[in-house]
Amino acid sequence: MQKVKSITLRNFKYFYGHEDQYEQNKLTLDGANLLLYGENGSGKSSIYWALYTFLQSCLKEERSEIEKYFDHVHEENLRNRFAANDADSGIIIEFEDSKTGRVVQEQIASWNISTFQSTQLKQSLVSSDFINYKYLSKLYDFRNSEGIDLFKLFERDIFMFIDFEEAYTKHDGSLSESTYASDWWKFISTEYKNLPKNTNNKKYAERSDEYVRFKNETIPKFIRLLKRFLEDITRVANEFLENEFKEAFTIQFDLDAIECVFNKRVEGRTREKDGKLHKPKIPLKVNFTHAHFDDGQEAIHKPHTFLNEARLTAIALAIRFAILDRRPIFPNSARLLILDDLLLSLDMSHRDKVLDIILSP
């Protein structure tokens, strides 16, 4: 197992200059946990996003998608705004093997990128997790008229960490190299446009092998694997809610409502289809236990209209901890849990419980 020995930020976001001149630009870790505290605007979140940017870099399909973060002319650059245009900018991480003591330095920077499509870094990413207050608030950022639908949250923040352990079949009939939900969904949500079409009307060739396999095998299998995953994490999440948070409710995903429809028939027209991919929904409800309810329990289909912010945050954390529990651990990679302003929306009793969970062996 590897651990982080040091983190160096050079002209990245809040951190200006070179570590030789500004010693605060290099953090040296000598324990299992690192707690950073300070005033607002003192650079804490810059470290969170540096680690996120660093680990995510191994997933980029083009090297230019990493280089842009350090290019002063690119509108998505993350350079310190006070740095000279020709000044170095980068993130440097030292990893130390916990058994041998061997130290390896990796970087994404204006002068070198060593993480591009790195297998070892991908293993570290899959074993790790990032949680901040923005993620937690997404669980209940819905209107009173809406139910909680977590598909967008999973698509953006979670699919990359889910290993279905099964490959999908590409249009040419070959199997994918990746088995992660993010790659499954990327294939489904983009490659439907490349299915064969009829020459006369440019509609999808519904009798082609590619179309039949995509619609009748690939999409249903994705939904089946997603439901299996949700069933697994529901059990563990409810254990966290009951045993750690001491809550009087459990969560439940509405599995029957999860479906993905492609090229559905246009309503009111017998033969016309819309040629679109309709994304799934992942509805979430809560089963609340209380003596006031008939049978001692009631299903709350819009939890964000009933529970307070602390309890909704507890649900978000329980789901994320349940997902983290399923992560594989690779012997030659690091396993990191990076948190930023995690406790903002929690009351003191919930904060104590979260700290106990995080610091438990």
Side-chain angles (χ1 to χ4, degrees), residues 56 58-62 64-65 117 119 122-123 125-126 138 147-234 253-284 319 323 326-328:
Q56 289 281 319
C58 66
L59 300 179
K60 302 298 184 181
E61 295 183 355
E62 301 291 339
S64 60
E65 288 297 300
Q117 297 184 350
T119 299
K122 286 180 182 179
Q123 292 177 345
L125 176 63
V126 169
K138 289 177 184 176
I148 293 180
D149 172 17
L150 297 185
F151 185 79
K152 286 184 178 180
L153 179 64
F154 272 65
E155 181 182 24
R156 177 184 173 91
D157 296 319
I158 296 176
F159 276 166
M160 70 185 76
F161 300 117
I162 301 175
D163 188 354
F164 281 160
E165 299 180 351
E166 295 189 39
Y168 58 85
T169 304
K170 296 185 282 189
H171 291 331
D172 63 6
S174 64
L175 292 177
S176 64
E177 295 181 1
S178 172
T179 58
Y180 286 97
S182 54
D183 293 303
W184 269 82
W185 181 244
K186 183 178 180 180
F187 175 76
I188 290 171
S189 62
T190 60
E191 290 300 314
Y192 75 91
K193 300 174 184 178
N194 295 323
L195 288 168
K197 294 183 179 180
N198 298 318
T199 55
N200 57 338
N201 59 12
K202 303 301 181 184
K203 301 292 185 180
Y204 287 111
E206 297 183 29
R207 294 184 180 181
S208 67
D209 291 341
E210 296 91 336
Y211 182 95
V212 172
R213 179 170 54 236
F214 182 80
K215 185 176 176 67
N216 297 339
E217 295 179 21
T218 303
I219 292 178
K221 188 174 183 180
F222 171 80
I223 295 298
R224 186 169 65 253
L225 292 171
L226 177 59
K227 288 181 179 181
R228 185 181 70 183
F229 174 82
L230 292 172
E231 286 179 317
D232 288 345
I233 66 168
T234 298
F253 295 103
D254 187 355
L255 300 182
D256 292 336
I258 302 175
E259 61 176 358
C260 180
V261 180
F262 169 59
N263 200 27
K264 71 177 182 180
R265 197 175 302 281
V266 177
E267 188 175 354
R269 301 187 184 183
T270 306
R271 307 177 74 176
E272 186 176 351
K273 296 185 178 179
D274 64 7
K276 298 178 181 179
L277 181 77
H278 300 267
K279 292 184 178 183
K281 294 183 178 181
I282 302 180
L284 177 73
I319 292 172
I323 295 172
R326 294 182 83 259
R327 302 280 174 79

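Everything numeric here is computed off the predicted structure, so don't read it as measured data.
- For Glu206 against Lys273, the heavy-atom pair with the smallest separation is OE1-NZ, 2.8 Å.
- The shortest side-chain heavy-atom distance between Asn263 and Leu195 does not fall under the 4.5 Å cut-off.
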Please table the atom pairs, donor to acceptor, closer than 3.5 Å between any side-chain atom in residues 148-161 and protein atoms at least two apart or in another chain.
| unit_1 | atom_1 | unit_2 | atom_2 | d |
| --- | --- | --- | --- | --- |
| Asp149 | OD1 | Phe151 | N | 3.1 |
| Asp149 | OD1 | Ile282 | N | 2.7 |
| Glu155 | OE1 | Lys279 | NZ | 3.3 |
| Glu155 | OE2 | Trp185 | NE1 | 2.9 |
| Glu155 | OE2 | Lys279 | NZ | 3.2 |
| Asp157 | OD2 | Lys138 | NZ | 3.3 |

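- If you take CD1 on Ile323 and CG on Leu230, they are separated by 8.5 Å, rounding to the nearest 0.5 Å.
- The nearest pair of heavy atoms linking Leu277 to Ser189 is CD2-CA, 3.5 Å.
- In this structure, the side chain of Lys281 does not engage the main chain of Ala257 through any donor-acceptor pair within 3.5 Å.
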Could you pull out all donor-acceptor pairs under 3.5 Å where a side-chain atom in residues 219-228 meets a protein atom, sequence neighbours excluded?
| unit_1 | atom_1 | unit_2 | atom_2 | d |
| --- | --- | --- | --- | --- |
| Lys221 | NZ | Glu166 | OE1 | 2.9 |
| Lys227 | NZ | Leu255 | O | 3.1 |
| Arg228 | NH2 | Phe164 | O | 3.3 |

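- Under the 6.0 Å cut-off for aromatic ring centres, Phe229 and Phe253 do not qualify, their centroids lying 6.0 Å or more apart.
- In this structure, Lys186 NZ and Ser176 OG are separated by 12.5 Å, a value rounded to the nearest 0.5 Å.
- Rounding to the nearest 0.5 angstrom, the gap separating the NZ atom in Lys264 from the NZ atom in Lys276 is 9.0 Å.
- Separation of atoms OG (Ser174) and OH (Tyr168) is listed at 9.0 Å; rounding is to 0.5 Å.
- For the pair Arg213 and His171, the tightest heavy-atom approach, listed with the atom from each and the gap, is NH2-O, 2.9 Å.
- Pairing each heavy atom of Ala167 with each of Leu175, the nearest pair is CB-CB, 4.2 Å.
- Cys58 has its side chain out of reach of Thr119: every pair of non-hydrogen atoms, C-beta onward, lies at least 4.5 Å apart.
- To the nearest 0.5 Å, atoms NZ (Lys203) and NZ (Lys197) are separated by 9.0 Å.
- The distance from atom CD1 of Ile162 to atom CZ of Arg326, rounded to the nearest 0.5 Å, is 8.0 Å.
- Looking at heavy atoms from C-beta onward, Phe187 lies in side-chain contact with Phe214 at the 4.5 angstrom threshold.
- Two residues are said to be in side-chain contact when any heavy atoms from C-beta on lie closer than 4.5 Å; Val126 and Asp163 fail this criterion.
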